[in-house]
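Please read the structure below before turning to the comments.
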Amino acid sequence: MIKLHNTKTRRKEAFVPIDDQNVRMYVCGPTVYDRAHLGNARPVVVFDVLYRLLRHVYGEGRVTYVRNFTDVDDKINAKAAETGRDIREITDETIGWYHEDMDALGALRPDHAPRATEYIPPMVAMILDLIEKGHAYEADGHVLFDVNSYDAYGALSGRKLEDMRAGERVEVADYKRDPMDFVLWKPSSGKQPGWESPWGYGRPGWHIECSAMSLDLLGESFDIHGGGLDLQFPHHENEIAQSCCANPTGDFARYWLHNEMLQVEGKKMSKSLGNFFTVRDLLDQGVPGEVIRFVLLSTHYRSPMDWTDKKMREAEKTLRKIAELLGSDPLTKPWVDLRYATPPQEFIEALANDLNTSLALTLIGKYLKNRQEFELVGALRLLGFFPEALVQTFAEVRIQTVDNSLVSGVNIQTRGAGLKTDMNSLNDLGKRLQKIRKEAMESGNFSEMDALKSALTDAGIEVRMSKESIELIPGVSFDLAKLEALK
RNA sequence: GGCGAGUUGGCGGAGUGGUGACGCAGCGGAUUGCAAAUCCGUGUACAUGAGUUCGAUUCUCAUACUCGCCUCCA
């Protein structure tokens, strides 16, 4: 039994799909004019977990997930004007980036990822229908939705039209009957993208695409509609107005899920504050996608999440421990066939309880501590972490000295193949450290050894020493350049 | 101004009408050249005031504060 918090009712409700053979979910996707920033990644990862959970519960082929690309928008036009590039070129490139970056976070691709520009005729048809039904009107080359024609307008976000008689914040176009009326279609000129329509050459307003696409791909009633909390008003309110007026026999979306916003080091992420960064920025800094995913899931989706360096380091540490356990020599472990690993019931229940990913990660921590590999692997997979990938990503180099009555020498082990670094340098350093250490232990003078050790630490390599071995583990902040300087 | 969310120990972060998770840090111990890592053990919290209740951190109301959305950025 999955329970989800429905924004529509402001309550946690038992989730009952309309058709359990085809569970349908729509999530608002990005406007494609630039790299996805970290805030964009939160809903992607949150709804990816929901998608995985639904697939787990109802069956892989029995969930349809749609996430759109908004590729008609004034921000895109501005980008085109600014760079002199073709709009299609910009949107194609950005969509490619988006896929790359979200793939790196371990997010499954939706079943459908429609582009707004592929849906112009259905949007025009829906607008015509709305005019015909008396919910929209043409004025000054625009087509506007008449919010007063829909009684439930504002129900989702808990706003009343009277309270919003704005005009205070934004200048209201004088062709609007009501300041809250929003654009369904607007005229295009010059280099602006446009299509012929009954109202002249123009382009759609922002909200209509989601109504047209969800109708086509999911029908007039579907199960879940998700997105960031910022979209609750006006975007989702407007979607509801359009869809419910155009298809009065349908429910549109039954469960509305909204994720809270993301902050960075306690402050809102914004360009003006200079704490704005993209997923690609982090990946390029060497932060594995799994670490980003882990941090994003460590806070419940309906709470504001604060992105901090500390959380990133802790997440990395935990993932490394997991990789160490999973990647260690199978001969040292009791036999487990991880191919058949399934998530424990308590783990599924945590996720089924309105996506309590924080508790889910706590459980993962428990399986790790108790070395319950079967449970661990099953849980990780459901949450979108792949054991093999973790072992690779967090590969380590272990330089082990062997020194006992039978053998004496150096044994170098590496785990995984994903380590993007110069193995030889690491090996050399490990041997050197071992040699210096041996000398130091004989002479009693540890200064040279301490110097090398702190240099390694500075370069982002964790140094672990025990009687038997020395381990060098390049971390997330590993800096190859500093390592070169040590030679 | 409108709307909404939140306030849990040093930090992060779940959860519950009645024995107050868990992680990190701290402290004590084992181990150690010293550390680290690892293992064992361990303390401190539920914004304030009032109400409901046998009993509230958990429900209700008020107050304070924080944050977000409504505005380019989700």
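To find a chain, count down the sequence lines: A is the first, B the second, and so on, and within it residues start at 1. Below, all heavy atoms of this structure are taken into account, side chains as well, without hydrogens, waters or symmetry copies.
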Indicate whether the side chain of [X] and that of [Y] have a donor and an acceptor atom separated by less than 3.5 Å.
X	Y	answer
Asp111(A)	Tyr51(A)	yes
His258(A)	Thr7(A)	yes
Asn238(A)	Tyr153(A)	yes
Tyr26(A)	Asn68(A)	yes
His225(A)	Tyr255(A)	no

[X]: which residues meet the side chain to side chain contact (heavy atoms under 4.5 Å, CB included) condition with it, sequence neighbours left out?
X	answer
Thr299(A)	Arg42(A), Ser303(A), Met305(A), Lys311(A)
Glu346(A)	Pro344(A), Leu363(A), Lys366(A), Tyr367(A)
Arg109(A)	His99(A), Asp103(A)
Asp309(A)	Glu265(A), Met312(A), Arg313(A)

- prompt: Can you check whether Phe252(A) and Phe222(A) have ring centres sitting under 6.0 Å from each other?
  reply: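 Yes, the ring centres sit under 6.0 Å apart.
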Could you tell me whether [X] contacts a base, only the sugar-phosphate backbone, or nothing, with contacts defined as non-hydrogen atoms closer than 4.0 Å?
X	result
Gln232(A)	nothing
Thr299(A)	sugar-phosphate
Tyr33(A)	sugar-phosphate
Thr31(A)	nothing

query: Counting only heavy atoms not in Arg11(A), do more than 12 fall under 6.0 Å of its CZ?
result: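 At most 12 heavy atoms, drawn from other residues, nucleotides or ligands, come within 6.0 Å of this atom.
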- request: Would you kindly give the CG-to-C1' distance between Leu156(A) and G4(B), to the nearest whole Å?
  value: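 Roughly 12 Å, once rounded to whole Å.
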field: Gap between atoms CD and P, on Glu346(A) and A21(B) respectively (whole Å)
entry: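 My rounded result for the distance is 17 Å.
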Partner residues of His235(A) under the ring pair (Phe, Tyr, Trp, His ring centres under 6.0 Å) criterion, sequence neighbours left out: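 For His235(A), the residues satisfying ring pair (Phe, Tyr, Trp, His ring centres under 6.0 Å) (neighbours in sequence not counted) are Trp206(A), His207(A).
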Contacting residues from [range], given that a heavy atom lies under 4.0 angstrom of RNA chain B:
range	answer
residues 36-49 of chain A	His37(A), Gly39(A), Asn40(A)
residues 90-105 of chain A	none
residues 350-369 of chain A	Asn356(A), Ser358(A), Leu359(A), Thr362(A), Lys369(A)
residues 106-115 of chain A	none

statement: Contact string for nucleotides 24-30 of chain B, one letter per nucleotide 5' to 3', B = base within protein heavy-atom range under 4.0 Å, S = sugar-phosphate only, - = neither, reads SS-----
message: In whole Å, measure the gap between the P atoms of U58(B) and A47(B) for me.
response: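 Their P atoms lie roughly 8 Å apart.
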- request: Return yes if some donor-acceptor pair links the side-chain N/O of Glu13(A) with the main-chain N/O of His5(A) below 3.5 Å, else return no.
  value: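 Such a contact is absent between Glu13(A) side chain and His5(A) backbone.
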message: Tell me if a side-chain donor or acceptor on Lys79(A) pairs with a main-chain N or O of Val32(A) at a distance below 3.5 Å.
response: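 No; judged by distance alone, with no hydrogens or angles, the pair does not exist.
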- prompt: Taking the side chain of Arg159(A) as heavy atoms from C-beta outward, which of G12(B), C69(B), A5(B) is closest to it?
  reply: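 Closest of the options to the side chain of Arg159(A): C69(B).
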query: Hey, where does RNA chain B pair up into stems, meaning at least three consecutive Watson-Crick or G-U pairs with distances under 3.5 Å?
result: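 As far as RNA chain B goes, consecutive pairing (with distances under 3.5 Å) yields the stems B:1-7 with B:64-70, B:10-12 with B:22-24, B:26-30 with B:38-42, B:47-51 with B:59-63.
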task: Using the side-chain contact (heavy atoms from CB on, under 4.5 Å) rule, take Trp307(A) and Leu282(A) through it: C-alpha gap first, then chi angles, then the decisive distance, then the call.
output: CA-CA 12 Å; Trp307(A) 179 274; Leu282(A) 286 174; 3.6 Å; yes
field: Earlier contact from the 5' end, RNA chain B, for Pro234(A) and Leu262(A)
entry: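 Counting from the 5' end, the first nearest nucleotide belongs to Pro234(A).
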message: When you measure from the centre of the six-membered ring of Phe385(A), is the NZ or CZ of Arg293(A) closer than 6.0 Å and no more than 45° off the axis?
response: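 Yes, a cation-pi geometry.
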- prompt: Can you name the side-chain hydrogen bond (donor to acceptor under 3.5 Å, both in side chains) partners of Ser188(A), sequence neighbours left out?
  reply: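 Residues passing side-chain hydrogen bond (donor to acceptor under 3.5 Å, both in side chains) with Ser188(A): Arg203(A).
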Residues Arg280(A), Asp284(A): salt bridge by 4.0 Å N-O rule: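 Yes, Arg280(A) and Asp284(A) are salt-bridged.
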